[in-house]
Amino acid sequence: MAHIKSQIKRNRQNEKRREKNSSVKSSIRTASKKVLKAVEVDANPEAAAESYARLVKVIDKAAGTGIVHRNTAARKKSRLAKKVNTLRAKASAPAQEQQQ
């Protein structure tokens, strides 16, 4: 337990930041799960693209404030973008075959 006044204040500040950061990280995980659900379970390209756009916004804000490292943010976005794009390609492939 800290006895110095400035350290007591610093501990309060750190606790507030920890709670805020864990909240943001949780929202990133939730948004990621929504994208994965749209891709794997629903197989709905429009819903996947929409939830991916929300995820990108959340991740970019977190990376901008330093809650997650920018390379971590880029890696998460890249991995989920691949899944969304393959779903889009699968959805558009049958439409292209019908036109020919």
- prompt: Going by heavy atoms in the side chains, are Glu50 and Arg54 under 4.5 Å from each other?
  reply: yes

task: For Lys77, enumerate each residue passing the side chain to side chain contact (heavy atoms under 4.5 Å, CB included) test, keeping only those at least two apart in sequence or located in another chain.
output: Tyr52, Val56, Ile59, Asp60

- prompt: Can you name the residues that form a side chain to side chain contact (heavy atoms under 4.5 Å, CB included) with Thr72, not counting sequence neighbours?
  reply: His69, Arg75, Lys76

task: Grab the two heavy atoms, one from Ala73 and one from Val68, that are nearest each other, plus how far apart they are.
output: CB-CG2, 4.3 Å

Residues 29-40, side-chain donor-acceptor partners within the protein, below 3.5 Å, at least two apart:
unit_1	atom_1	unit_2	atom_2	d
Thr30	OG1	Ser26	O	2.9
Ser32	OG	Ile28	O	2.9

query: How close do Thr86 and Lys83 get, heavy atom to heavy atom, and via which atoms?
result: OG1-O, 2.8 Å

field: Pairing residues for Arg88 by the side chain to side chain contact (heavy atoms under 4.5 Å, CB included) criterion, not counting sequence neighbours
entry: Pro45, Ala49, Val84, Asn85

message: Once salt bridge (Lys or Arg N to Asp or Glu O under 4.0 Å) is applied, what residue pairs with a partner in residues 8-17 remain, sequence neighbours excluded?
response: Glu15-Arg18

- request: Not counting sequence neighbours, which residues clear side-chain hydrogen bond (donor to acceptor under 3.5 Å, both in side chains) with Asn11? List them please.
  value: Gln7

